[in-house]
Amino acid sequence: MTSVLRPLLRIKAGLKLCRSRSVFEHSFVLPRQLTGTSSMAMAQQKSIMNYFKASPKKDGAAKASTAASTATPAEAGTSVADDLSEKDFDPSSDSYHPINDAIWRKGEKTPYLALAKTFEKISAESKRLEIIKTMTNFFRSVMLLSPEDLPKCLYLSLNKVAPAWEGIELGVGDRIVTKSIVAATGFTEKKLAEMKTRLGDTGAVAAECRSKQRTLVAPKKLSVEKVFQKFIDISKTSSKGSEAKKIEIIKGLLADSQPVEARFIVRALKGNMRMGLAETSALIALANAAILSPPGHQGKHRVTKTADSRAEEFIQAVNIMKRGYNEHPNYDTIASALAKGGLPEVERRCKIKPGIPVKPMLAHPSKGIEALLERLGDLAFVSEYKYDGERAQVHRDDKGKITVFSRNQEDHTSKFPEVVKRLPKHANEGITSFILDTEVVAFDVINKTILPFQVLTTRKRKNVEEGDVKIQVCLYAFDIIYLNGESLISMTLRNRRELLHEHFSTTEREFMFATHEESNDPEKIQEFMNKAIEDKCEGLMVKALDRAYEIDKRSNNWLKLKKDYLDTVGDSLDVAIIGCYKGSGKRVGTFGSYLCAVYDKDKEEFQSLCKLATGFSDEQLETFTAECKELIIPKPLNNYRCNLVPDYWLTPKLVWEIKGADLSISPVHTAGIGKQDPAKGISLRFPRLMHVRTDKNPEDANTGEDVVRMYRAQAAVQGNKKPFNDDEDDDY
DNA sequence: GATGCCTGCCC
DNA sequence: ATTCTGC
DNA sequence: GCAGAATGGGCAGGCATC
């Protein structure tokens, strides 16, 4: 029915506005080179295979059905009107015209409905090129019709309200969202929980509530500007009574929203858009939009039937956007520059500058030295200790102002006053400005030894005075990105390191260079890794020496090697599965995580060790879900000692081998409780599934004793400079 | 004032 | 953080 | 191999509630 109505509506709207349009003057196809991945043949074969093994749980299918199920009530709820906003809006169409097919006119505010419908289309699609095309079309319309909304559209698409370093938080999570939906729609929390189980997404819950709700008054139309402003209002709400105020604001938004709008408002508030488009794709879409519909361009929209002929232009545009964003990760700047002056303006304004964080280079895990060497090929490389602390990008601008940024561009300057104070003395004479890449590590200055990450996390975070500092830190510098007014990101690591060592001086216990070694002999690397672990590091970072710090080209250009990545070592444990949790998103309909326990033989009880949510394939997830459904019990067994309450308790039957990086004293888990700590148990950092153990009974799982023994072995390594190899025979 | 839940952000 | 998956 | 999604432990800080 809708499919019959849609063309009619479109024709009607088209006639009313006396617009003519040509299908050919604006269609375009993205060049394949943009992603440069699999061949057509492979893609086709894969899609055929998917068809045959298709199950309702497959992501694509789940996405499609979600879209279909909510599109209908959304359409049904609206009446046929002459209003543009009631027109069908489909930016995923190949023949989308950024002006004629938009549902708002030049100079009008961008309707939030248009953005939400764009999200809806994107959510229903799994092909990246299609997703980018859809987003591109929406951005083209915004650039042409309401360019001042572009930054807000970008923020709302990517789920932010301000640059990370401004420290603006919504302070909205599950609880506040749920209460707001209750307030706005009248559904009970219990009912909402049921819907959440079925739909796997609170956004979808909100949409369904709105579509079932009878409204007497036609809701006001939401604009992108208004929604964004409300988010800002929420972020500014604080202190006593703020929760109620936030709920009131969200309630107001939901009251004015159509189902599809409610869906994405809620997803944004929850901090998870999960539509298959995130930062990188949004930047690509912006770049494409800038080429197809440059700012101020009002004439014909350029024909790009043979995309390959313009591939180079697209690639250049994407490079400019990515580079601009990585050097100046601010949506306001990049989007307003683009809207105002196109790509050249982005190039002008988005440049690396001390005081503004740069996106940091990241590393890929590597399974072992052989894999690592293979990946590096003939490239020369250096290995460095991988310190277990917190990434710190330390800036000094030409006025001497020091700023410290976290890995995610948060401003942590006020967290490390002593670091800020003493930093100038580590820079040699003549240094005016710089950006250093470092790891802050908790340091025992008396015993001159590195302390575990968990110690570092206990430091105060806000408004720290030098006198407050109880946990000392040492900075380990490993890279330099900017020096004396010049960007070094195009320089090789070899040369950057030279500059770092040349222009900075170490101070014991305060500022050191990351310990490193330049050997490509596997045995030497293994020794170096052992030494790193003896020295309380996580393992090694391995970096090609002749590569630039160009994260727009390859953000994961470094490799990391940790002992728990190796199959032969690491804390591996056999655990009983005693509970499970309902999955959401792509895990809807399955159990998305599992509660793991060890068996304490003395006390004859199961004690929780950790939850587990990774390491299994989608197929295993299905299997586990089916298995667990047979094991559900109404309440925990008497011999379960567990502070957490899973969605479902299970009879102990399944035994899985899991692995983690470290053991930690836990505030919630109970494994080995009373043995290492009188009231606390032990848990596992970075738990993941390794194998299913069909050969073991739950009582044969590892014990609380085992966990404590492993914890002590690890503590011994951490405390006494014993090589980790010494304990291996005991544990494995 | 103490306690405990929620949120954001480290890993 | 770790891991899996479609492209 | 990229990009994205779904999920882990555990801390401080903020707010609600007792």
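Below, each value reflects all heavy atoms present in this structure, side chains not excepted, and no hydrogens, waters or symmetry copies. Throughout, protein chains are lettered first and strands after them, A, B, ... in sequence-line order, and every chain is numbered starting at 1.
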| request: Measure the distance from CG on Leu283(A) to C1' on dG4(D) and round it to the nearest whole Å. | output: 14 Å
| said: I want to check one thing: is the phosphate of dC2(D), taken as OP1 and OP2, less than 4.0 Å away from some side-chain N or O of Ser555(A)? | reply: no
| said: Looking at Arg461(A) and dC9(B), is any side-chain donor or acceptor paired with a base atom of the opposite kind under 3.5 Å? | reply: no
| task | Between Ser406(A) and Gly173(A), just flag the one whose closest nucleotide in DNA chain B comes earlier from the 5' side. | result | Gly173(A)
| message | Are more than 12 heavy atoms, taken from residues, nucleotides or ligands other than Lys251(A), located less than 6.0 Å from that residue's NZ atom? | response | no
| message | Just to be sure I understand the rule, does Leu689(A) reach a base, reach only the sugar-phosphate, or reach nothing, if contact means heavy atoms closer than 4.0 Å? | response | nothing
| message | It should be established whether Ser238(A) places a side-chain nitrogen or oxygen under 4.0 Å from OP1 or OP2 of nucleotide dG14(D). | response | no
| At under 4.0 Å, does any side-chain N or O of Tyr565(A) touch on OP1 or OP2 of dT2(C)? | yes
| note | In whole angstroms, the gap separating C1' of dC9(B) from CZ of Arg391(A) amounts to 16 Å
| So, is Gln454(A) close to the dG9(D) phosphate, meaning a side-chain N or O under 4.0 Å from OP1 or OP2? | no
| note | Testing dG8(D), dA3(D), dC11(D) for proximity to the side chain of Ala613(A), the answer is dG8(D)
| Among dG6(C), dG10(D), dT2(C), which is the nearest nucleotide to the side chain of Arg128(A)? | dG6(C)
| query | Asn643(A) has an atom CG; how far is it from atom P of dC5(B), in whole Å? | reply | 11 Å
| message | Given dG9(D), dA12(D), dC7(C), identify the nucleotide with an atom nearest to the side chain of His669(A). | response | dG9(D)
| request: Take atom NZ of Lys462(A) and atom P of dT7(B), then tell me their distance rounded to the nearest Å. | output: 15 Å
| request: Check whether any side-chain N or O of Arg375(A) sits under 4.0 Å from OP1 or OP2 of dG1(D), and answer yes or no. | output: yes
| query | Would you say the side chain of Thr614(A) and the base of dT7(D) hold a donor-acceptor pair, judged only by whether the two atoms sit under 3.5 Å apart? | reply | no
| request: Run the salt-bridge test on Glu439(A) and Arg391(A) with the 4.0 Å N-O cut-off and return the result as yes or no. | output: no
| Relative to Tyr581(A), does Lys611(A) satisfy both conditions: NZ or CZ under 6.0 angstrom from the six-membered ring centre, and within 45 degrees of the ring's axis? | yes
| request: Indicate, with a heavy-atom threshold strictly under 4.0 Å, whether Lys560(A) touches base, sugar-phosphate, or nothing. | output: sugar-phosphate
| task | Over 60° means perpendicular and under 30° means parallel, so classify the ring planes of Tyr387(A) and Tyr385(A), tilted if in between. | result | tilted
| Is the shortest side-chain N/O distance from Lys322(A) to OP1 or OP2 of dA3(D) below 4.0 Å? | yes
| Under-4.0 Å salt bridge between Arg685(A) and Asp662(A) | yes
| query | Quick one: which of dT7(B), dC11(D), dT5(C) gets closest to the side chain of Ile176(A)? | reply | dT7(B)
| field | Phosphate OP1/OP2 of dT2(C): any Lys562(A) side-chain N/O under 4.0 Å | value | yes
| said: Is there a side-chain contact between Asn556(A) and the phosphate of dG1(D), meaning an N or O under 4.0 Å from OP1 or OP2? | reply: no
| field | Distance in angstrom units between Ile168(A) CD1 and dC9(B) C1', rounded | value | 16 Å
| said: Can you tell me if Ser126(A) touches the phosphate of dC7(C), counting only side-chain N or O atoms and a distance under 4.0 Å to OP1 or OP2? | reply: yes
| said: Just N and O in the side chain of Lys270(A): are any of them under 4.0 Å from OP1 or OP2 of dT7(B)? | reply: no
| Toward the 5' end of DNA chain D, by each residue's nearest nucleotide, Ala244(A) or Leu609(A) | Leu609(A)
| Do the side-chain N or O atoms of Ser664(A) get closer than 4.0 angstrom to the phosphate oxygens (OP1, OP2) of dG10(D)? | yes
| query | So, are Glu418(A) and Arg459(A) salt-bridged, with charged N and O less than 4.0 Å apart? | reply | yes
| How is Gly583(A) classified with respect to the nucleic acid when contacts are heavy atoms under 4.0 Å: base, sugar-phosphate, or nothing? | sugar-phosphate
| Hey, does the side chain of Ser666(A) come within less than 4.0 Å of dG10(D)'s phosphate (OP1/OP2), counting only N and O? | yes
| query | Which of these nucleotides, dG8(D), dT7(B), dA6(D), is closest to any side-chain atom of Asn272(A)? | reply | dA6(D)
| said: Under 4.0 Å, heavy atoms only, any strand: does Gly389(A) hit a base, just the sugar-phosphate, or nothing? | reply: sugar-phosphate
| message | In whole Å, I'd like the distance from the CZ atom of Phe616(A) to the P atom of dA6(D). | response | 13 Å
| query | dT2(C) phosphate, OP1 or OP2: any side-chain N/O from His364(A) under 4.0 angstrom? | reply | no
| Pairwise 5' ranking along DNA chain D for Ser584(A) and Glu279(A), keeping only the more 5' one | Glu279(A)
| query | Less than 4.0 Å between a side-chain N and a carboxylate O, is that true for Glu390(A) and Lys415(A)? | reply | yes
| field | Cationic N near anionic O, under 4.0 Å, Lys367(A) to Asp567(A) | value | yes
| task | Among dG13(D), dT7(D), dG10(D), find the nucleotide with the atom closest to the side chain of Lys460(A). | result | dG13(D)
| message | From C-beta outward on Glu169(A), which listed nucleotide comes closest to its side chain: dA12(D), dG8(B), dC15(D)? | response | dG8(B)
| message | Does dT7(B) have OP1 or OP2 under 4.0 Å away from a side-chain N or O of Arg175(A)? | response | no
| What is the nucleic acid contact for Asp174(A), judged by heavy atoms within less than 4.0 Å: base, sugar-phosphate only, or nothing? | sugar-phosphate
| said: By nearest atom, which of the nucleotides dA5(D), dG10(D), dC2(D) is closest to the Arg274(A) side chain? | reply: dA5(D)
| said: How many whole angstroms separate atom NZ of Lys611(A) from atom C1' of dT3(C)? | reply: 17 Å
| field | Shortest side-chain distance from Thr280(A), nucleotide among dG10(D), dC11(B), dG4(D) | value | dG4(D)
| request: Starting from C1' on dT2(C), measure out to CZ on Arg685(A) and report it in whole angstrom. | output: 12 Å
| remark: Picking from dA12(D), dC11(B), dC15(D), the nucleotide nearest the side-chain atoms of Ser239(A) would be dC15(D)
| said: Tell me whether Asp94(A) is salt-bridged to Lys133(A), with the criterion being a basic N under 4.0 Å from an acidic carboxylate O. | reply: yes
| query | For Ile665(A), which contact category applies under a 4.0 Å heavy-atom criterion: base, sugar-phosphate, or nothing? | reply | sugar-phosphate
